[in-house]
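Please read these numbers as outputs of a predicted model, since none were measured by experiment. In what follows, every chain begins at residue 1, and chains take the letters A, B, ... in the order their sequences are listed. All heavy atoms count here, side chains included; hydrogens, waters and symmetry mates do not.
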There are 2 protein chains.
Amino acid sequence: MINLSYTEENYLKSIYHLSKGGKLDVSTNAIADYQKTKAASVTDMMKKLASKNVVDYQKYKGVNLSEKGKKEALVVIRKHRLWEVFLVEKMKFNWDEVHDVAEQLEHIKSPLLIKRLEEFLGYPKYDPHGDPIPDENGAYKAKPQVPINEVEIGQEGIVVAVKDSSSPFLQYLDKIGTYIGAKIKVMDKVNFDGSNEILIDNKRTISISKQVSENILISES
Amino acid sequence: MINLSYTEENYLKSIYHLSKGGKLDVSTNAIADYQKTKAASVTDMMKKLASKNVVDYQKYKGVNLSEKGKKEALVVIRKHRLWEVFLVEKMKFNWDEVHDVAEQLEHIKSPLLIKRLEEFLGYPKYDPHGDPIPDENGAYKAKPQVPINEVEIGQEGIVVAVKDSSSPFLQYLDKIGTYIGAKIKVMDKVNFDGSNEILIDNKRTISISKQVSENILISES
DNA sequence: TACATAATTTAGATTAATCTAAAAATATTT
DNA sequence: AAATATTTTTAGATTAATCTAAATTATGTA
Ligand SMILES: [Mn+2]
Ligand SMILES: [Mn+2]
Ligand SMILES: [Mn+2]
Ligand SMILES: [Mn+2]
């Protein structure tokens with residue numbers, strides 16, 4: 001496709017995520033917050049990306065991805081998630097160790113490598129955090145999923161993804177024995193602080209905070 | 001170690017190669033030619049690298065690597081060659097397709113990844129072009145090797161490495177059926193143009209130019 | 001040794017990405 | 001609808017890496 005810099009690719013990826021896949025317009029400040037840069041830098045970059053026709057941008061009105069930009073963003077996301085699978089499946093990384101390295105690897109330019117990597121990994125559909133991997137055409141489908149805090153008492157399901165992929169959160173999940181594929185039953189909900197009592201794999205019952213319960217996604221069964 | 005930019009790492013690697021592993025001093029122009037930049041750019045960078053204590057540099061006297069710089073260069077070379085093995089062994093790349101991708105991958109920063117990659121590949125000692133892979137401490141040993149043009153008529157050996165790793169050269173070697181491990185016997189040498197008649201794997205006898213014979217390295221047996 | 005040639009460094013610009021501070025536009029609240 | 005607050009853009013700098021052209025230093029040769 002076009003030649004985008006490392007930085008430009010990261011902006012497109014941010015816009016993709018913030019716009020929920022190109023659906024909403026994204027504000028300058030939202031991008032600045034997300035990337036931990038300043039609004040002025042974002043404005044400059046939006047002009048540049050607009051001139052390359054990868055975003056639609058109008059002063060004071062926010063941006064969104066063009067079709068071309070969406071494709072580019074999806075390629076980067078695809079690469080990120082395939083590399084994460086590689087790191088966990090082949091390099092024996094823990095799921096909390098992969099993100100930072102994948103942030104680097106996602107910018108490697110070699111369509112052949114990605115094709116072969118995907119084949120080597122057996123065409124995985126999800127990354128180690130349960131996020132779907134776009135195919136060559138950018139198509140993907142997320143598993144049906146609900147955050148635990150929205151599940152009724154007595155209901156159960158399987159953990160299919162995590163909303164937060166940060167190391168501290170994933171390490172906490174390791175500690176409480178929660179992982180993609182774990183069976184969760186909601187035993188109780190505390191109105192006062194939104195915390196939840198959950199039964200994990202029919203073994204242990206523990207209490208998780210509201211914040212944690214919002215970030216564990218299960219498929220109800 | 002220290003934090004070096006992509007660009008700084010490439011300069012250290014160039015100096016390492018041009019100085020034959022830190023033995024000789026390297027001139028500004030030599031670096032500029034090798035990297036296809038301009039001498040003025042090299043001078044600027046040498047000042048910067050000197051201030052980071054990775055090279056010893058004195059105006060008009062050339063540069064060489066400090067101990068620290070040598071270590072950094074060897075880490076990059078180690079990564080480059082391990083990735084090349086990965087691409088050929090696991091990603092089914094041809095040996096002429098790996099260099100450009102390895103130029104990108106060598107800058108990925110993750111000591112854990114390199115450790116695991118090396119283990120995954122079974123601790124290879126040589127890359128797809130026969131070049132030795134430094135270990136964690138930077139130690140390596142090249143196989144004894146002579147370019148074909150320095151071999152006497154009647155002598156034979158095994159191809160252990162190529163001096164030139166460019167795609168056109170490697171594709172030419174593919175065409176004439178030469179590869180790392182091939183058996184070569186020098187049948188004749190033409191004084192006029194320095195070309196050589198060689199017998200490959202006891203099968204075909206062909207004529208190769210002086211330039212080609214200089215770039216195929218064999219171990220005499 | 002002196003002159004000519006070659007190599008190297010310096011001076012001054014340029015481009016990409018970033019920032020701070022100030023100005024302008026938009027949104028919210030009386 | 002004003003006034004106020006928030007958001008966004010512009011103006012002007014900065015840093016890394018690069019370049020061209022000019023100045024300087026070193027080298028080779030007569
Ligand atoms: Mn990630
Ligand atoms: Mn992920
Ligand atoms: Mn190479
Ligand atoms: Mn190689």
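- Near DNA chain D, meaning a heavy atom under 4.0 Å away, the residues from residues 50-63 of chain A are Tyr57(A), Lys59(A), Tyr60(A).
- Within residues 33-44 of chain A, the residues that place at least one heavy atom under 4.0 Å from DNA chain C are, in residue-number order, Thr37(A), Lys38(A), Ala40(A), Ser41(A), Asp44(A).
- Under the rule for a side chain to side chain donor-acceptor pair (under 3.5 Å), Asp25(A) has no partner lying at least two apart in sequence or in another chain.
- A cation-pi geometry, defined here as NZ or CZ lying under 6.0 Å from the six-membered ring centre and within 45° of its normal, does not hold between Lys47(B) and Tyr57(B).
- Donor-acceptor pairing under 3.5 Å is lacking for the side chains of Asp56(B) and Ser66(B).
- Checked for salt-bridge contact, Lys210(A) and Glu214(A) meet the test: a charged N lies under 4.0 Å from a carboxylate O.
- Look at Lys52(B) and Glu8(B) and you find a salt bridge, because one of the NZ, NE, NH1 or NH2 atoms lies within 4.0 Å of a carboxylate O, short of that distance.
- In this structure, a donor-acceptor pair under 3.5 Å is absent between the side chains of Gln145(B) and Ser219(B).
- Side-chain contact annotation: His99(B) with His80(B), donor-acceptor N/O pair under 3.5 Å present.
- Taking the charged nitrogens against the carboxylate oxygens, Arg78(A) and Glu118(A) do have a contact shorter than 4.0 Å, which makes a salt bridge.
- Following rounding to the nearest Å, Met45(A) (CE) and dT10(D) (C1') show an atom-to-atom distance of 17 Å.
- Rounded to an integer number of Å, the gap from CE of Met46(A) to P of dA16(C) is 16 Å.
- Of the side-chain N and O atoms in Asn29(A), one or more sit less than 4.0 angstrom from OP1 or OP2 of dT8(D).
- Rounding to the nearest 0.5 Å gives a distance of 9.5 Å between NZ of Lys90(A) and CG of Leu117(A).
- Of all the residues in residues 5-26 of chain B, not one reaches under 4.0 Å from DNA chain C with any non-hydrogen atom.
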With salt bridge (Lys or Arg N to Asp or Glu O under 4.0 Å) as the test, would you mind laying out the steps for Lys189(A) and Glu152(A) before giving the verdict? CA-CA 8 Å; Lys189(A) 314 186 69 152; Glu152(A) 302 296 313; 5.8 Å; no

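- Checked against side chain to side chain donor-acceptor pair (under 3.5 Å), Ser195(A) has the following partners two or more places apart in sequence or in another chain: Asp193(A).
- At a threshold of 4.0 Å, the pair Lys13(B)-Glu103(B) counts as salt-bridged, since one of the basic side-chain nitrogens sits closer than that to a carboxylate oxygen.
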Write down the protein N/O and nucleotide N/O pairs, taken from nucleotides 3-6 of chain D, whose separation is under 3.5 Å; answer none if there are no such pairs.
none

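- Figure legend: cation-pi geometry between Lys109(A) and Tyr6(A) absent, as NZ or CZ is not positioned both under 6.0 Å from the six-membered ring centre and within 45° of its axis.
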